[in-house]
Engineer: 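First the structure, then my questions, so here it is.
Since the structure is predicted, the reported quantities are computational estimates derived from the model, not experimental observations. Indexing begins at 1, ligand by ligand and atom by atom, following the structure's order. Note that the numbering runs from 1 along the sequence shown for the chain.
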Amino acid sequence: MIVAVGCDHAGYSLKRDLMELLDELGIAYEDFGSYDTAPSDYPDVAKEVGLAVAKGDFDRGILVCGTGIGTAIAANKIKGIRAAPCQDTFSARMSREHNNANVLCLGARVVGRGLARDIVQMWLATDFSEAERHQRRLEKIAALERSRPRKPKEGKSAT
Ligand code: RB5
């Protein structure tokens, strides 16, 4: 497995801790930045990590920002990305078993180092269940990526 990791300034310190964890676990990764605590815009790194995962060059992505929310919103705009902001190990496990999440988003201002390490370990160790019902639901999510807003019916004016 190879993991794409990234952060903004708020997530920099926790991302470094998590790269240490990946080293301990012997899991390969590439760091997509940020490389220091200078203010940066989380959509930029979410884009790089998300595209790398969506393209298939990386099996999973891990993004760290202040809350885990901004990076998740941004990464989920990319076709094929299922980014899950997780603050506990149960959600991390479910995001893999039920949602086949391919990007984990963590909030460095929300979870401490110890919990973040547990979340990452749980998330990396858990496989998608592949149950038919979960597969069907993921296919419906993928269909949303191809959907277009309905055209208003002729003769009906917007109110
Ligand atoms: C940066 O201050 C913060 O807004 C960002 O790290 C993230 O939490 C956004 O969702």
Side-chain angles (χ1 to χ4, degrees), residues 1-25 27-128 134 137-138 140-149:
M1 178 187 302
I2 180 157
V3 180
V5 299
C7 67
D8 70 356
H9 54 288
Y12 177 72
S13 172
L14 182 58
K15 182 191 70 177
R16 286 181 61 98
D17 290 337
L18 296 176
M19 290 193 299
E20 265 179 40
L21 171 65
L22 294 176
D23 287 333
E24 288 167 27
L25 297 173
I27 293 175
Y29 62 87
E30 186 174 323
D31 181 7
F32 282 73
S34 300
Y35 303 107
D36 54 37
T37 55
S40 60
D41 297 337
Y42 59 82
D44 295 338
V45 72
K47 176 183 170 184
E48 294 308 318
V49 167
L51 289 176
V53 173
K55 199 175 156 205
D57 293 343
F58 292 81
D59 302 296
R60 309 265 190 95
I62 296 176
L63 286 163
V64 191
C65 63
T67 59
I69 295 170
T71 46
I73 291 172
N76 276 319
K77 299 291 180 191
I78 296 170
K79 192 174 177 187
I81 292 304
R82 294 175 299 279
C86 295
Q87 302 171 4
D88 60 274
T89 54
F90 177 76
S91 304
R93 182 163 65 82
M94 287 296 109
S95 80
R96 290 288 310 135
E97 281 183 9
H98 288 200
N99 313 117
N100 200 10
N102 50 11
V103 174
L104 171 67
C105 298
L106 289 164
R109 294 171 179 163
V110 183
V111 294
R113 178 177 183 268
L115 178 55
R117 283 171 60 100
D118 284 357
I119 290 170
V120 167
Q121 279 183 271
M122 174 66 82
W123 190 75
L124 290 174
T126 308
D127 290 326
F128 177 49
H134 296 312
R137 291 161 191 165
L138 293 187
K140 288 187 178 188
I141 292 174
L144 287 175
E145 292 174 336
R146 302 187 294 273
S147 66
R148 294 275 177 275

Engineer: Who's the nearest protein heavy-atom neighbour of atom 9 (C) of ligand 1, and how far?
Structural biologist: Y42 CE2, 3.4 Å
Engineer: Quick one: are R60 and L124 in side-chain contact, heavy atoms under 4.5 Å?
Structural biologist: yes
Engineer: Give the atom numbers and elements of ligand 1 that come within less than 4.0 Å of a heavy atom of A10.
Structural biologist: 6 (O)
Engineer: Looking only at distance, does G70 have an N or O less than 3.5 Å from an N or O of ligand 1?
Structural biologist: yes
Engineer: In terms of atom number and element, which parts of ligand 1 are under 4.0 angstrom from non-hydrogen atoms of H9?
Structural biologist: 1 (C), 2 (O)
Engineer: Which ligand 1 atoms does R109 reach within 4.0 Å, using its non-hydrogen atoms?
Structural biologist: 1 (C), 2 (O), 3 (C)
Engineer: Are the side chain of D41 and the backbone N or O of D44 linked by a donor-acceptor pair below 3.5 Å?
Structural biologist: no
Engineer: How far is atom 8 (O) of ligand 1 from the closest protein heavy atom, and which atom is that?
Structural biologist: T67 N, 2.9 Å
Engineer: Under 3.5 Å between some N or O of ligand 1 and some N or O of D8?
Structural biologist: yes
Engineer: Tell me whether F90 at atom CZ has more than 12 heavy atoms from other residues, nucleotides or ligands lying less than 6.0 Å away.
Structural biologist: no
Engineer: Any nitrogen or oxygen of G66 lying under 3.5 Å from a nitrogen or oxygen in ligand 1? Just yes or no.
Structural biologist: yes
Engineer: I'd like to know if the side chain of R82 reaches the main chain of V103, judged simply by a donor and an acceptor atom lying under 3.5 Å from each other, with no hydrogens or angles considered.
Structural biologist: no
Engineer: Does K47 qualify as a cation-pi partner of F32, given the criterion of NZ or CZ under 6.0 Å from the six-membered ring centre and within 45 degrees of its axis?
Structural biologist: no
Engineer: Quick check: do T71 and D8 have side-chain heavy atoms less than 4.5 Å from each other?
Structural biologist: no
